[in-house]
Protein chains: 2
Amino acid sequence: MDTSSPAFDVLSLNCPSRVVLQRIGDKWTTLVFQVLKDGPQRFSVIRGAVQGITPKVLTQTLRTLERDGLVSRRIYAEVPPRVEYALTPLGETLLEPLDAVRVWAEEHAAKILQAREDYDAQADSLQLP
Amino acid sequence: MDTSSPAFDVLSLNCPSRVVLQRIGDKWTTLVFQVLKDGPQRFSVIRGAVQGITPKVLTQTLRTLERDGLVSRRIYAEVPPRVEYALTPLGETLLEPLDAVRVWAEEHAAKILQAREDYDAQADSLQLP
DNA sequence: GTACTCGGTATCTAATTGATACTTTCACTT
DNA sequence: AAGTGAAAGTATCAATTAGATACCGAGTAC
């Protein structure tokens, strides 16, 4: 099977697709997408759902996703203020590949943890630091 | 459609699947996988193929992938020494989801770059920093 | 006026990444 | 015998990035 694209190659330095890959592979992007996949959510909901994210980093993440056209930001003139974030059509197309990775992670997490234990036990028995 | 797994949830703090996701989303992992997908390769070949990676970081990446059971490392007792890295069976199962993401990145890179231009032009016209 | 909510900034510190140079082992060349 | 070269990394230090924590401003309710 040929899965290559004509225009870009992630292995090339300075290739735009690599920058894009970086964004996708960002620590928090997948998690934010996971929260937004069922519809728009406000800042505080995302912050609560993505456990461990700090407001600064969430803001950064959302701003970058907005800049890249993957997420839209809408402010409602209410009090207290309401800001809703949603996936754009482009962002929606990313859901499928991202979900594939997430599902893989959830399905194989146990095996990887096991591999780590084995590896570390092996290293210990050889008295490596 | 229900794409959730019973045991793990990436949104939970300290969930193992999140650690796994981190590894997958690592800056260089996808690129190394891309090189190894057609068969074992030696260190210097990977270093040459993944443009921009430094030896230190490549070593780190490969060690971590080895520890996680995704890549195997084999030393040949030759001179000069030869070390070959290959995907393990577990690593092979990750190829598909990872490739989906890579293909998406290559296909949509142009749109994202366009979105960035638009965003930045907009920001400029509003005289934002 | 005091307190509360929401959606963030500001500031400072800790951890990670990256650039560059160096090391080791053995063979081969001169 | 001394120098050169290749492969697969380490070592060292600087720069970038992420994270913890505290704070801010608008507006309404009390």
Side-chain angles (χ1 to χ4, degrees), chain A residues 11-14 18-19 21-32 35-36 40-68 71-86 123 126 128-129, chain B residues 10-15 18-19 21-32 35-36 40-68 71-86 123 126 128-129:
Chain A
L11 292 180
S12 299
L13 192 63
N14 298 326
R18 195 187 271 200
V19 181
L21 200 66
Q22 224 84 296
R23 177 80 33 255
I24 297 171
D26 179 85
K27 179 168 182 179
W28 300 107
T29 296
T30 313
L31 307 180
V32 169
V35 177
L36 294 183
Q41 295 293 349
R42 50 204 299 186
F43 189 88
S44 50
V45 170
I46 305 173
R47 183 171 62 181
V50 180
Q51 294 183 18
I53 199 169
T54 62
K56 187 190 93 173
V57 174
L58 179 54
T59 300
Q60 279 175 3
T61 304
L62 289 170
R63 286 286 186 288
T64 320
L65 290 175
E66 191 193 357
R67 185 169 105 105
D68 287 352
V71 157
S72 65
R73 178 173 184 270
R74 183 162 178 197
I75 308 169
Y76 293 84
E78 300 174 357
V79 167
R82 183 155 63 104
V83 179
E84 277 192 351
Y85 293 90
L126 295 173
L128 299 175
Chain B
V10 285
L11 292 180
S12 300
L13 192 62
N14 298 327
C15 175
R18 196 188 270 197
V19 181
L21 200 66
Q22 224 82 298
R23 177 79 35 254
I24 297 170
D26 179 85
K27 178 167 183 179
W28 300 107
T29 295
T30 313
L31 307 179
V32 169
V35 177
L36 294 182
Q41 294 293 349
R42 50 203 302 188
F43 188 89
S44 50
V45 170
I46 305 173
R47 183 172 63 182
V50 180
Q51 293 183 20
I53 199 168
T54 62
K56 188 190 91 173
V57 174
L58 179 53
T59 300
Q60 280 175 2
T61 304
L62 289 170
R63 285 289 185 287
T64 319
L65 290 175
E66 191 193 357
R67 185 169 107 103
D68 286 352
V71 156
S72 65
R73 179 173 184 268
R74 183 162 178 196
I75 308 169
Y76 293 84
E78 301 174 357
V79 167
R82 182 155 64 103
V83 179
E84 276 192 352
Y85 293 90
L126 296 173
L128 300 176

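Computation of the quantities below employed the complete heavy-atom set of this structure, encompassing side-chain atoms and omitting hydrogens, waters and symmetry-equivalent molecules. Convention: sequence-line order gives letters A, B, ...; per-chain numbering from 1.
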Letter by letter from the 5' end, nucleotides 4-10 of chain D scores (B base, S sugar-phosphate only, - none; protein heavy atoms under 4.0 Å) ---SSBB
For A:Arg23, the side-chain hydrogen bond (donor to acceptor under 3.5 Å, both in side chains) test, sequence neighbours excluded, returns A:Asp68
Could you grab the distance from atom CG of B:Leu31 to atom CD of B:Gln51, nearest 0.5 Å is fine?
-> 10.5 Å
In residues 58-66 of chain B, what donor-acceptor pairs under 3.5 Å come from side-chain atoms, sequence neighbours left out?
from    : atom 1 : to      : atom 2 : distance (Å)
B:Thr59 : OG1    : B:Pro55 : O      : 2.9
B:Thr61 : OG1    : B:Val57 : O      : 2.7
B:Thr64 : OG1    : B:Gln60 : O      : 2.6

With sequence neighbours left out, the residues meeting salt bridge (charged side-chain N to carboxylate O under 4.0 Å, His left out) with B:Arg74 are none
Atom pair distance, as rounded to whole Å: CH2 in A:Trp28 and C1' in D:dA18 = 10 Å
Any donor-acceptor pair under 3.5 Å linking the side chain of A:Arg42 with the backbone of A:Val83?
-> no
Using whole Å, report how far CG of A:Leu58 lies from C1' of D:dA20.
-> 15 Å
Bounds of contact between DNA chain C and chain B, in 5' to 3' order, using a heavy-atom cut-off under 4.0 Å | C:dG18 to C:dA27
Tell me whether the OP1 or OP2 atom of D:dG19 has a side-chain N or O from A:Lys27 closer than 4.0 Å.
-> yes
Mind checking what makes side-chain contact (heavy atoms from CB on, under 4.5 Å) contact with B:Val79, not counting sequence neighbours?
-> none
Donor-acceptor pair, B:Arg47 side chain versus B:Ile53 backbone, under 3.5 Å?
-> no
Separation between NZ (B:Lys27) and CG (A:Leu21), nearest 0.5 Å, reads 11.0 Å
